[in-house]
Amino acid sequence: MSGSDAEPTIAQEAPARQGENLRWRFEQLALPHLGYLYKLAVRLTGKTQDAEDVVQDTYIKALDAFSTLREPERIRSWLSQILSRLVID
């Protein structure tokens, strides 16, 4: 068996698993607020297509920064802030 065919060690798999767990946790906490964020985005943008785009961008940005969230119970407020800043920019 060559080096590239070797099974990854637990240490090598750990970052991938941590990433999967982080994403799963993000989805569990953030996805229930999708409807609220969409309604907020429609109010702020005035257009459904723009609202869809900004909500998608919000979730992408939030997932990237999720590991920095200090108070998971405030995720709705955190997501709303991200969305609002994206609309302003």
Side-chain angles (χ1 to χ4, degrees):
M1 183 187 296
S2 70
S4 63
D5 293 337
E7 291 292 320
T9 66
I10 291 174
Q12 291 169 325
E13 288 183 351
R17 286 187 182 164
Q18 288 172 351
E20 289 172 12
N21 289 338
L22 192 64
R23 183 181 176 119
W24 180 86
R25 181 78 172 132
F26 173 78
E27 290 173 355
Q28 297 302 305
L29 291 171
L31 289 180
H33 303 290
L34 183 61
Y36 167 79
L37 291 174
Y38 177 73
K39 289 175 188 175
L40 176 61
V42 169
R43 281 197 318 260
L44 294 174
T45 65
K47 299 178 182 175
T48 58
Q49 182 61 46
D50 290 344
E52 291 171 6
D53 291 343
V54 80
V55 168
Q56 181 177 3
D57 292 345
T58 298
Y59 273 81
I60 291 168
K61 188 170 184 122
L63 178 57
D64 288 344
F66 184 62
S67 64
T68 66
L69 180 63
R70 301 278 184 246
E71 300 176 69
E73 64 277 1
R74 298 197 56 200
I75 194 164
R76 182 172 167 165
S77 174
W78 184 68
L79 291 168
S80 299
Q81 287 179 339
I82 293 170
L83 185 141
S84 297
R85 288 182 185 137
L86 287 171
V87 169
I88 290 169
D89 293 341

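What's counted below: heavy atoms across the whole structure, side chains too, no hydrogens, waters or symmetry copies.
Not counting sequence neighbours, the partners of Phe66 by the ring-ring contact (aromatic ring centres under 6.0 Å, His included) test are Phe26. Applying the side-chain contact (heavy atoms from CB on, under 4.5 Å) test to Lys61 and every residue at least two apart in sequence or in another chain returns Ile82, Leu86.
Taking CG from Leu79 and CG from Leu37, the interatomic distance works out to 5.5 Å, rounded to the nearest 0.5 Å. Atoms NE2 and CG, on His33 and Leu40 in that order, are 13.0 Å from each other to the nearest 0.5 Å.
The closest side-chain heavy-atom distance from Leu44 to Leu83 is below 4.5 Å.
Contacts classified as ring pair (Phe, Tyr, Trp, His ring centres under 6.0 Å) and involving residues 67-89 (residues at least two apart or in different chains) are not found. Under the salt bridge (Lys or Arg N to Asp or Glu O under 4.0 Å) criterion, the residue pairs touching residues 24-38 are Arg23-Glu27, with sequence neighbours excluded. The salt bridge (Lys or Arg N to Asp or Glu O under 4.0 Å) pairs that include a residue from residues 75-89 number zero, where partners must be two or more places apart or lie in different chains. The list of side-chain hydrogen bond (donor to acceptor under 3.5 Å, both in side chains) pairs with a residue in residues 42-59, not counting sequence neighbours, reads Gln49-Asp53.
Two different hydrophobic clusters hold Ile60 and Val54 under the rule that ILVMFWY side chains link at heavy-atom gaps under 4.5 Å.
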